[in-house]
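This report refers to the structure that appears directly beneath it.
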Number of protein chains: 2
Amino acid sequence: MKTRKFTLSEQDIPDKWYNIIADMPNKPLPPLHPGTKEPIGPDALAPLFPMALIQQEVTADKWVDIPDEVRNIYTLWRPTPLYRAYGLEKALDTPAKIYYKYEGVSPSGSHKPNTAVAQAYYNKQEGVKRITTETGAGQWGSALSFACNHFDMECEVYMVKISYEQKPYRKMMMNTWGAKVLASPTDTTEAGRKILAEHPDSPGSLGIAISEAIERAASDPDTKYSLGSVLNHVKLHQTVIGQEAIKQMEMAGDFPDIIIAPFGGGSNFAGLAFPFLRYKLEEGKEIRCVASEPSSCPKLTRGVFRYDFGDTVGMTPLLPMYTLGHNFVPAPIHAGGLRYHGAGVIVSQLLKDQLIEACAHDNLEVFDAGVLFARAEGIIPAPEASHGIATAIMEANKCKQEGVSKTILFNLCGHGHFDMKAYEDYFEGKLVRHEITQMDIQESLAELDTPEIA
Amino acid sequence: MKTRKFTLSEQDIPDKWYNIIADMPNKPLPPLHPGTKEPIGPDALAPLFPMALIQQEVTADKWVDIPDEVRNIYTLWRPTPLYRAYGLEKALDTPAKIYYKYEGVSPSGSHKPNTAVAQAYYNKQEGVKRITTETGAGQWGSALSFACNHFDMECEVYMVKISYEQKPYRKMMMNTWGAKVLASPTDTTEAGRKILAEHPDSPGSLGIAISEAIERAASDPDTKYSLGSVLNHVKLHQTVIGQEAIKQMEMAGDFPDIIIAPFGGGSNFAGLAFPFLRYKLEEGKEIRCVASEPSSCPKLTRGVFRYDFGDTVGMTPLLPMYTLGHNFVPAPIHAGGLRYHGAGVIVSQLLKDQLIEACAHDNLEVFDAGVLFARAEGIIPAPEASHGIATAIMEANKCKQEGVSKTILFNLCGHGHFDMKAYEDYFEGKLVRHEITQMDIQESLAELDTPEIA
């Protein structure tokens, strides 16, 4: 019997998170105050986040201890399996060896609980009673609902109204874990009321939902805010993925030449890639790390590196990032988790320094890849996850053309159980290509008056 | 860190299925021909099933080898995890130790692929090109679609029309694995056309769908039929669950006093309970095995033990079973997988011989249990699985009342990702109790003219 799945035991769950900043040749530039444009310190974040998370956001320590209580919850689904994709290799008739790490076994079905549990834990430690957040398609909202429920904290999720109406099952999942889900824009915040006054029928947007969640947290001392990607501490928490994968690749007697992960704000990519990238930064080991983004939201492949806001309305600190401009509105692709205008600070610096790569795939190519994978490997992937599959297929086909065998590892970050409507659209031929022109991007960037980076 | 999850490696997947018939003090009575009422031999099943499965249906061998190719596919999700339910124990404040085996990690989300893969394999070996089956809510249909796709065989699923319309996502899951899904009654079979002529708007039923799938298979030499529960070979395949659980309970340094599993046709229950029951049959070890059924379909707790048909229209052989009568129509509870009038032959004989027990729960009690579990343990269970949870809670509460600590193990047979509408109904107060009276049951049984058992 060929070994197809590499399984670790509970004792193999990492006890430290890996902070890549310690190993970066060029450290990320500091965040700037949205008004003064001067560098800000950790204190500026105190109204929104507990101190432990702010310390993790700025720490230079290479390793951060994972509290036992967090590891204890991780055991519910971690260590996650790593598979050799024999079925996919056969379907592609490629000499490449393909592996994938599967994060869809978590209770909410993606990698998101890795950070949700950690964030809920530190909030609980500091006496926070309630956490607010925003969610689009609902992956992040369900992960945080699950985590808050575990620690007996309230969770308020501002869910983009159009998703709230079109995706009732994700909402119901959050309710099952006891969370309160509001269709944003709501009349409970100033930001929401302002939008509703101007546009009573607004379908909402992630930008509006972020503003509502932040306003709610900033105006109540018992309430903090939580973000599911982009920030340094979120990336840090996700590094359990790659650390486990290193052990599993050792079990397989192999080491990846190419690491691939879908890219929204960067936490998924960071989670798998950073622990491997350490070998490149420390020892100069040859390894390519490829971030896979939608061609309809191509901040890494077609954006610019400059300071920009994390949200649409400009309430957050200015961050040095690859961005399409904070007013860029991506096409309504099904991979809702990747529809974000900017990239996290660490990943942006690494790309700038050419230590990682990026590529983009159209919607249709992504679903071709997802269905091919479901039939070859048996697991139905989330549309976000299918971006990584599309890149892996592209690299495996390249190996075939060149007649070389490389070892490819990608992050299968979630299952598609709540995305079957998207598959239906695909099978019924309702999906369309979402071309964006250089003009679209230039227009969005032309509006930016945020500081440039020399 | 308390060990919460007991993980086996690929090498621990059993290499044999356990056939409890070899150890039963009273063997099951033979099936009878539906017309002559005389005992039938294996040959009678040849138009519907491949010979290898028919041999497994009647074998007296205690152990049946699992082919390497089947074990190889099992590795995609097996061994499944076994958990200590610390969260649930705490929520119940019980002295009982509660464990659960989680089968929801399979690609289709339940225990069903354990047999679907085996059945598809043997069909493929014998040159079958196409397998037909019926499905209600879709758990079984998706498992067989997944399995047929793996072996490159066609799969035709007759899906009860009302489910086809109300549960498009399960249908889409089957399509993603390449299966053809038909809304039954169809105009492609005589059985279907007959129903449509009389009731053009028929919402369909499992009985009609079975008739269509059987007719299709019987009329085409390239096509066989497949059933997801009830039959002996299906129960046999599921015993991988209990065999793994025995090893995992050893890792936990424990052994169950009480084993609990949801009950529809019996394969779920058999899968977990039979390998443990062996210790009772061989060595007289004290162990209670409790089958958990819906009170709206109480064949084990309120049915009679006599010969009855496996389907509604009376095409199958007569089987010696606990039954409510093959015309009994259960209330439309959300646990669609448990809405079956009869119990498999082996389980029926074991119950008759008082070697196992049964209990029943109402719909509302089941959802109370499911939501309590989701919040205490983090996993959202399928409504079928919540029946086992309800029984486990009942037994744990009994322990508390009596001040004794017992070890309880139950089968969490699937996740509820495709059942969120049911949770919504529960939260919105739309679920109602489904009382059935002794009169309802007596009426259904009074219609039976099948042979009684002395």
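Per chain, numbering begins at 1; letters A, B, ... match sequence-line order. Just so we're clear, the structure is a prediction, and the values are computed from it rather than from any experiment. For the numbers below, each heavy atom of this structure counts, side chains included, while hydrogens, waters and symmetry mates do not.
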Exercise. Which residues in residues 413-422 of chain A have a heavy atom less than 4.5 Å from any heavy atom of chain B?
Worked result: A:His415, A:His417, A:Phe418, A:Met420, A:Lys421

For [X] versus [Y], what's the shortest heavy-atom pair and its separation?
X        : Y        : answer
B:Lys5   : A:Thr75  : CE-O, 3.0 Å
B:Gly378 : A:Pro107 : O-CB, 3.2 Å
A:Glu377 : B:Leu76  : O-CD2, 3.1 Å

In terms of heavy-atom proximity below 4.5 Å to chain A, should [X] be classed as side chain, backbone, both, or neither?
X       : result
B:Pro81 : neither
B:Arg78 : backbone
B:Tyr83 : side chain

Exercise. If you round to the nearest 0.5 Å, how far is CD1 of A:Ile379 from OG of B:Ser108?
Worked result: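 Output value for this atom pair is 11.5 Å.
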
Exercise. Taking atom CG of B:Asn72 and atom CZ of A:Arg4, what is their separation to the nearest 0.5 Å?
Worked result: 6.0 Å

Problem set entry | For A:Tyr426, ring pair (Phe, Tyr, Trp, His ring centres under 6.0 Å) partners two or more places apart |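 If we apply the ring pair (Phe, Tyr, Trp, His ring centres under 6.0 Å) test to A:Tyr426, skipping adjacent residues, the hits are A:Phe367.
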
Exercise. Can you list the residues that meet the ring pair (Phe, Tyr, Trp, His ring centres under 6.0 Å) rule with B:Tyr74, with sequence neighbours excluded?
Worked result: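 In terms of ring pair (Phe, Tyr, Trp, His ring centres under 6.0 Å), with neighbours along the sequence ignored, B:Tyr74 is linked to B:Trp77.
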
For this session: Give a yes or no on whether A:Asp12 atom CG has more than 12 heavy-atom contacts from other residues, nucleotides or ligands under 6.0 Å away.
Result: yes

Exercise. Can you tell me if CG on A:Asp152 sees more than 12 non-hydrogen neighbours from other groups inside 6.0 Å?
Worked result: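 Count not over threshold, so no.
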
Exercise. By number, which residues in residues 174-183 of chain B have some heavy atom less than 4.5 Å away from chain A?
Worked result: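 Residues of residues 174-183 of chain B touching chain A at under 4.5 Å: B:Asn175, B:Thr176, B:Trp177, B:Gly178.
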
For this session: Please tell me if the side chains of B:Glu10 and A:Thr7 come closer than 4.5 Å, counting only heavy atoms from C-beta onward.
Result: no

Problem set entry | Which atoms of A:Pro79 approach chain B - backbone, side chain, both or neither, heavy atom under 4.5 Å | both

Seminar exercise, completed: Comparing A:Tyr423, A:Tyr102, A:Tyr86 against chain B, the one with the most heavy-atom pairs below 4.5 Å turns out to be A:Tyr423

